[in-house]
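Below you'll find the structure, written out as structure tokens, and then a few comments.
Basis for what follows: all heavy atoms, side chains included, without hydrogens, waters or symmetry-related copies. All chains are named by letter (A, B, ...) in the order of the sequence lines, taking the proteins before the strands, and each is independently numbered beginning at 1. On a predicted model such as this, the values are computed, not experimentally measured, just so you know.
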Amino acid sequence: MAMEKTFNAAQAEGRIYEAWEQTGAFKAGANARPGAEPFCIMIPPPNVTGSLHMGHAFNNTLQDILIRWHRMRGDDTLWQPGQDHAGIATQMVVERKLAAEGQPGRRELGRDQFLEKVWEWKTQSGGTIINQLKRLGASCDWSRNAFTMSGAPGAPAGEEGNFHDAVIKVFVDMYNKGLIYRGKRLVNWDPHFETAISDLEVENIETPGHMWHFKYPLAGGETYTYVERDEDGNVLFEEERDYISIATTRPETMLGDGAVAVHPSDQRYAPIVGKLCEIPVGPKEHRRLIPIITDDYPDPDFGSGAVKITGAHDFNDYEVAKRGNIPMYRLMDTRAHMRDDGLPYAEAAARAQEIANGAAFTAAEVDALNLVPDHLRGLDRFEARARVIAEISHEGLAVMVPENDPRLGKAAHTPVAPEEGGDPRELSLVPLVESKPIMQPFGDRSKVVIEPMLTDQWFVDTAKIVGPALDAVRSGETTIMPDADRKVYFHWLENIEPWCISRQLWWGHQIPVWYDEDGTQYCAASEEEAIAMAGGKALTRDEDVLDTWFSSGLWPIGTLGWPDDTPELQKYFPTSVLITGFDIIFFWVARMMMMQYAVVGQKPFSHVYVHALVRDEKGKKMSKSLGNVLDPLDLIDDYGADAVRFTLTAMAAMGRDLKLSKDRIAGYRNFTTKLWNAARFAEMNGATGSDGTIPQPDATVNKWIIGETAKVRETVDEALAAFRFNDAANALYAFVWGKVCDWYVEFSKPLLLDGDDATRAETQATMAWVIDQCLILLHPIMPFVTEELWGTLGSRAKMLVHADWPDYTSADLVDAQADREMNWVITLIDAVRSARSQVHVPAGLHVPLLCTELDAAGQRAWDNNQAMITRLARIGEFTHVEALPKGCITVAVEGGSFGMPVADIIDVAEEKARLEKTLGKLEKELGGLRGRLNNPKFVASAPEDVVEEARETLALREEEEGKLRAALGRLAELG
RNA sequence: GGGUCGUUAGCUCAGUUGGUAGAGCGCUUCGUUUACACCGAAGAUGUCGGGGGUUCGAGUCCCUCACGACCCACCA
């Protein structure tokens with residue numbers, strides 16, 4: 001059956017993938033030779049809620065290339081797949097789904113029933129991404145598919161893995177070693193999901209904001225002289241004040257102020273340090289007074305130099321409050337609404353005043369006090385802010401400035417000049433409200449403003465486990481590529497902060513800690529153990545679950561069966577390579593390093609390859625809101641998975657973003673077609689059925705292409721070994737298209753069509769072998785089209801996915817003589833074609849070729865390849881002559897001059913111009929070469945081989961120069 | 001504010017120990033020859049961001065400036 005003209009990817013890919021799966025081609029250890037080295041990659045587990053985007057496609061293509069390459073080389077290969085339970089994302093998806101279907105919500109269902117719904121959803125929809133990865137061609141061992149929640153209580157049939165056991169065991173062990181602790185700390189709180197999140201889950205984004213300036217009146221109407229001086233102590237400004245000026249971007253937090261702080265060296269406020277001032281909010285009769293304290297934190301040069309201290313709602317203030325034993329009043333509830341609990345405001349404020357006056361207090365007591373005035377309770381924080389501003393301003397306690405104060409910004413107030421009809425009176429005073437961009441924290445998933453909240457949370461004491469993770473990379477035990485990402489890794493780990501690992505969610509690994517009535521902690525793998533530890537007391541379990549990244553951090557050992565000492569763990573751990581995006585170096589890579597060392601005392605992987613982002617063709621990050629997202633599945637539909645994979649591979653230069661365009665993909669789709677047609681040509685000419693034995697042909701061209709194949713095999717192996725994926729792809733592209741298709745297939749035509757039986761047979765055998773080698777070498781990058789051709793071109797013992805990767809070398813297979821000869825042939829053909837084209841010899845015309853001064857090597861090359869040369873250069877009759885006639889196009893090559901006597905059909909002036917142009921280029925090169933060689937320092941200092949090469953090149957160019965000058969001379973005689 | 005990376009042909013980018021610049025796309029001209037028009041042949045285009053330094057020799061190493069991107073960060 002004749003082959004189609006193009007590869008039908010849409011029709012073939014599914015069928016081929018199924019064949020791979022049915023034969024167990026991807027199973028751990030498949031195709032391993034006896035005594036094979038293990039090679040293992042852990043997939044960065046996509047979220048169960050995820051669907052394949054371009055980043056996944058890129059990431060998994062690179063992994064698949066390495067996996068397929070190693071598998072074909074006979075290594076004991078495992079690509080471990082799996083999914084992440086993705087706490088927040090999944091809980092969000094399921095909650096939305098319930099809402100959309102009008103079902104009872106999470107709170108109505110209660111914890112157990114809600115979790116049932118989540119598992120139900122996972123069972124139905126969790127496989128989406130797996131099927132999408134299969135469309136890409138990912139050769140994971142799906143029989144080992146893992147899930148970070150497998151084996152958790154309530155997990156349905158099919159989720160019996162022991163990942164949960166591993167997570168719990170790690171928590172208990174780390175708890176017992178003192179690496180995990182619980183404490184009341186200021187943490188990032190997501191008011192939308194009502195949970196704490198870690199620093200990494202906060203995105204600081206510059207947003208337009210305001211800074212308000214308010215007066216905090218001194219207690220009892222006291223006054224002081226406020227003096228500003230310049231550097232030399234000269235008085236710049238002086239006035240009597242009965243207040244201290246405070247700036248804030250968050251006026252609503254004033255309600256929780258515990259003090260006002262100034263720098264100890266700030267002379268302006270020295271007279272009032274230690275005195276009390278009044279928070280200018282709330283019912284007039286219950287105004288709270290707070291102390292003015294000193295702390296190194298305030299910057300005297302910023303704002304007024306005085307800072308309000310709200311320990312429970314700001315990270316800096318928190319530190320100041322801790323240092324100064326300032327009470328931290330929590331103002332908001334879990335949704336970041338103003339608190340609506342506890343004592344009425346009057347009572348709470350009275351107690352707070354006692355504390356401010358020096359009464360002893362406990363953190364718990366302070367936390368219970370609700371200092372939100374009754375009329376603001378229950379309000380959203382932003383609404384409360386607006387009310388506070390309005391009330392203070394109404395009372396006249398905003399700092400007032402002339403309306404043309406530059407701090408107000410241009411847009412705020414533009415006074416109209418009197419001559420233009422403006423009010424001729426003095427500029428009126430307005431509240432000082434600066435409009436300026438402020439960095440605001442947003443939840444990376446919820447996109448709402450994060451609130452610092454004082455809550456009880458669990459932490460990993462990362463400082464205690466960071467050491468080995470740093471040492472391993474410093475020593476090269478684990479390498480991180482490219483180097484820039486290694487630096488990023490160091491920078492973060494060297495400044496590591498405690499990791500908040502508790503989340504106030506339901507979907508996740510519940511923290512294995514129980515409390516008795518007194519609040520004593522019992523950490524154990526099960527409730528029974530905990531009760532036993534407590535001596536049989538009734539216990540309640542901590543409600544919180546663990547940060548998803550806590551479990552992902554155990555991915556390498558967890559997927560291999562730890563804590564059981566499985567054969568897979570013994571064989572594949574530590575794993576070989578991790579391929580991941582730069583965006584999760586902190587989230588995941590660094591934590592895996594720390595956790596694996598903390599738990600099993602070994603590195604999780606030997607190499608980390610960090611890749612960049614896939615962007616759109618303009619360099620913009622792909623995002624749904626911009627509408628510039630390229631869906632890999634659409635691209636696979638349109639161009640085939642191989643084209644998408646090859647494109648990503650060819651663009652995978654280390655450390656650089658890749659800009660993806662459809663044109664580029666189409667170009668590589670064309671490459672698959674090119675390969676397809678080369679194979680089709682081979683098939684049409686009986687050049688199939690290689691058994692893998694390297695042919696030993698006589699014809700130079702056949703020897704040559706075998707040598708070229710060996711060269712590219714070495715290049716590909718070196719490139720892949722160094723994770724230089726783009727080098728591998730480009731080398732193969734250049735070989736298949738530039739060598740095999742452009743030259744070898746063309747050269748083979750006269751041999752296959754007109755050669756004798758022996759020549760035809762050896763050419764068929766060589767071509768069959770070469771095409772097979774192309775398929776093998778390309779298979780890791782383009783698995784589908786190569787597998788299809790592999791099956792089409794012969795009956796094989798094994799599928800291509802398990803074909804033996806070659807190990808022949810250029811030292812074995814490159815025939816230097818053949819190499820020289822074919823390069824000469826190609827140079828001659830190029831030169832003839834170029835000359836013909838430039839002087840406009842009709843493309844179809846077969847012109848006679850004259851030859852003179854041909855040396856022995858040239859003669860032999862000619863004799864061996866005449867049929868190919870005349871065919872490709874469109875030569876008619878070939879004649880040796882003593883000297884080239886005057887009217888002919890001259891082509892100079894090494895060891896001979898060739899001429900085409902076509903003076904009658906071409907323009908002599910044009911040929912003269914052509915020769916002069918060629919000569920011009922040559923002269924330029926000669927100038928450089930002579931310049932260097934005439935420089936005694938060059939000859940003395942440069943390595944001998946460099947000098948020698950320059951001499952040889954000079955000799956060749958001079959020979960060519962002579963021939964071209966001779967040709968010009970003949971042309972001149974012609975007139 | 002700190003850090004990292006980038007600036008090479010019209011566009012997108014390669015360029016591994018310093019040896020005298022390449023690819024793909026696009027563009028121009030020609031072409032249907034027994035695989036392929038998702039094709040073939042030929043061709044044009046660069047003071048390798050600016051400046052300085054080291055060297056016989058710098059796109060490549062060092063310094064500096066400019067511009068751009070990204071990451072981290074608590075200036076109220």
Exercise. For A:Trp743 and B:rG40, give me the distance from atom CH2 to atom C1', rounded to whole Å.
Key: 11 Å

Quiz item: Is the CD atom of A:Glu944 crowded by more than 12 outside heavy atoms at less than 6.0 Å?
Solution: no

Quiz item: Quick one: A:Phe214 CZ to B:rA76 P, roughly how many Å, whole number?
Solution: 15 Å

Quiz item: In terms of side-chain heavy atoms, does A:Gln838 have a donor or acceptor partner in A:Ser834 at a distance below 3.5 Å?
Solution: yes

Quiz item: For atom P, what is the distance between B:rU8 and B:rG59, given to the nearest Å?
Solution: 15 Å

Practice problem: Using the C1' atom on both, measure B:rU17 against B:rU64 and round to a whole Å. | Solution: 26 Å

Quiz item: When all nucleic acid strands are considered with a 4.0 Å heavy-atom cut-off, which category describes A:Arg250: base, sugar-phosphate, or nothing?
Solution: nothing

Quiz item: For nucleotides 25-36 of chain B, read 5' to 3', which letter fits each nucleotide if B means a protein heavy atom sits under 4.0 Å from the base, S means only the sugar-phosphate is that close, and - means neither?
Solution: -----S--BBBB

Self-check item: Derivation and outcome, ring-ring contact (aromatic ring centres under 6.0 Å, His included), residues A:Tyr668 and A:Tyr733
Solution: CA-CA 9 Å; A:Tyr668 290 117; A:Tyr733 186 97; 5.6 Å; yes

Self-check item: Residue A:Pro943, side-chain heavy atoms: nucleotide from B:rG43, B:rC38, B:rG19 that is nearest
Solution: B:rG19

Practice problem: Could you measure between the two C1' atoms, the one in B:rC30 and the one in B:rU20, and give it in whole Å? | Solution: 34 Å

Quiz item: Would A:Glu683 and A:Arg680 count as a salt bridge (charged side-chain N to carboxylate O under 4.0 Å, His left out) if you check the C-alpha gap in whole Å, the side-chain angles of each, and the deciding distance to 0.1 Å?
Solution: CA-CA 5 Å; A:Glu683 194 262 351; A:Arg680 182 162 171 261; over 6 Å; no

Quiz item: Which part of the nucleic acid does A:Tyr297 contact within heavy-atom distance under 4.0 Å: base, sugar-phosphate only, or nothing?
Solution: base

Exercise. Decide yes or no, distance alone: a donor-acceptor N/O pair under 3.5 angstrom between the base of B:rC56 and the side-chain of A:Asn935.
Key: no

Exercise. Nearest-nucleotide wise, let me know which of A:Ala942 and A:Arg724 is further upstream toward the 5' end of RNA chain B.
Key: A:Arg724

Quiz item: What nucleotide, of B:rA44, B:rG19, B:rA73, holds the atom closest to the side chain of A:Met439?
Solution: B:rA73

Quiz prompt | Of the listed nucleotides B:rC72, B:rA76, B:rU4, the one nearest the side chain of A:Thr249 | solution = B:rA76

Quiz item: Counting heavy atoms not belonging to A:Lys749, are there more than 12 under 6.0 Å from its NZ?
Solution: yes

Quiz item: With a 4.5 Å limit on heavy-atom distance, are the side chains of A:Leu793 and A:Leu775 in contact?
Solution: yes

Quiz prompt | Gap in Å between the two C1' atoms, one belonging to B:rA14 and one to B:rC56, rounded | solution = 28 Å

Quiz item: Has A:Lys436 got a side-chain N or O lying under 4.0 Å from the OP1 or OP2 atom of B:rA76?
Solution: yes

Quiz item: Counting side-chain heavy atoms from CB outward, which of B:rC71, B:rA42, B:rG19 is closest to A:Phe582?
Solution: B:rC71

Quiz item: Counting any heavy atom closer than 4.0 Å, what does A:Phe315 reach on the DNA or RNA strands: base, sugar-phosphate only, or nothing?
Solution: nothing

Quiz item: Should we count CD of A:Glu4 as having more than 12 external heavy atoms under 6.0 Å?
Solution: no

Quiz item: Regarding A:Lys436 and A:Thr249, is there a side-chain donor-to-acceptor distance under 3.5 Å anywhere?
Solution: no

Quiz item: Using the C1' atom in both, what is the distance from B:rG46 to B:rA23, to the nearest Å?
Solution: 15 Å

Practice problem: Report which part of the nucleic acid A:Asp830 touches: base, sugar-phosphate, or nothing (heavy-atom distance under 4.0 Å, all strands). | Solution: sugar-phosphate

Quiz prompt | Euclidean distance for P, B:rG10 against B:rU54 (whole angstrom) | solution = 32 Å

Quiz prompt | Same-atom distance (P) from B:rG40 to B:rU4, integer angstrom | solution = 46 Å

Exercise. For A:Lys924, answer base if it contacts any base atom (sugar-phosphate contacts may also be present), sugar-phosphate if it contacts only those atoms, and nothing otherwise; contact means non-hydrogen atoms under 4.0 Å.
Key: nothing

Practice problem: Select base, sugar-phosphate, or nothing to describe what A:Pro936 touches, counting heavy atoms under 4.0 Å on all strands. | Solution: nothing

Exercise. Determine the stems involving RNA chain B; a stem requires 3 or more consecutive pairs of the Watson-Crick or G-U wobble kind, each with both distances below 3.5 Å, and the answer is none if no such run exists.
Key: B:1-7 with B:66-72, B:10-13 with B:22-25, B:27-31 with B:39-43, B:49-53 with B:61-65

Quiz item: When the distance from CD1 of A:Ile246 to P of B:rC75 is rounded to whole Å, what number comes out?
Solution: 19 Å

Exercise. Answer with base, sugar-phosphate or nothing: what part of the nucleic acid does A:Arg833 contact at a heavy-atom distance below 4.0 Å?
Key: sugar-phosphate

Self-check item: Any A:Lys921 side-chain nitrogen or oxygen under 4.0 Å from OP1 or OP2 of B:rA44
Solution: yes

Exercise. With P as the reference atom in both, quote the distance from B:rA9 to B:rG3 in angstrom, rounded to an integer.
Key: 30 Å

Quiz item: Rounded to whole angstrom units, what separation is found between the CE atom of A:Met651 and the P atom of B:rC13?
Solution: 7 Å

Quiz item: Any side-chain donor-acceptor pair under 3.5 Å between A:Glu201 and A:Ser198?
Solution: yes

Exercise. Could you tell me whether A:Gly738 contacts a base, only the sugar-phosphate backbone, or nothing, with contacts defined as non-hydrogen atoms closer than 4.0 Å?
Key: nothing

Quiz item: Between A:Glu714 and A:Lys711, is there a salt bridge with N-O shorter than 4.0 Å?
Solution: no

Exercise. Give A:Ala484 one of three labels, base, sugar-phosphate or nothing, depending on what nucleic acid heavy atoms sit under 4.0 Å from its own.
Key: sugar-phosphate

Practice problem: Determine the contact category for A:Pro298: base if any of its heavy atoms lies under 4.0 Å from a base atom, sugar-phosphate if only primed atoms, P, OP1 or OP2 are that close, otherwise nothing. | Solution: base

Exercise. Taking all heavy atoms of A:Arg836 and all of A:Ala843, pick out the closest pair and write down the distance.
Key: NH2-O, 3.3 Å

Quiz item: Of all heavy-atom pairs between A:Lys308 and A:Asp317, which one has the smallest distance, and what is that distance?
Solution: O-OD2, 3.2 Å

Quiz item: Whole-Å distance between B:rA42 P and A:Leu872 CG?
Solution: 11 Å

Quiz item: Rounded to whole angstrom units, what separation is found between the CG atom of A:Asp299 and the P atom of B:rC75?
Solution: 12 Å

Practice problem: Measure the distance from CG on A:Leu732 to P on B:rA23 and round it to the nearest whole Å. | Solution: 18 Å

Quiz item: Rounded to whole angstroms, how far apart are CD on A:Glu206 and P on B:rG1?
Solution: 12 Å

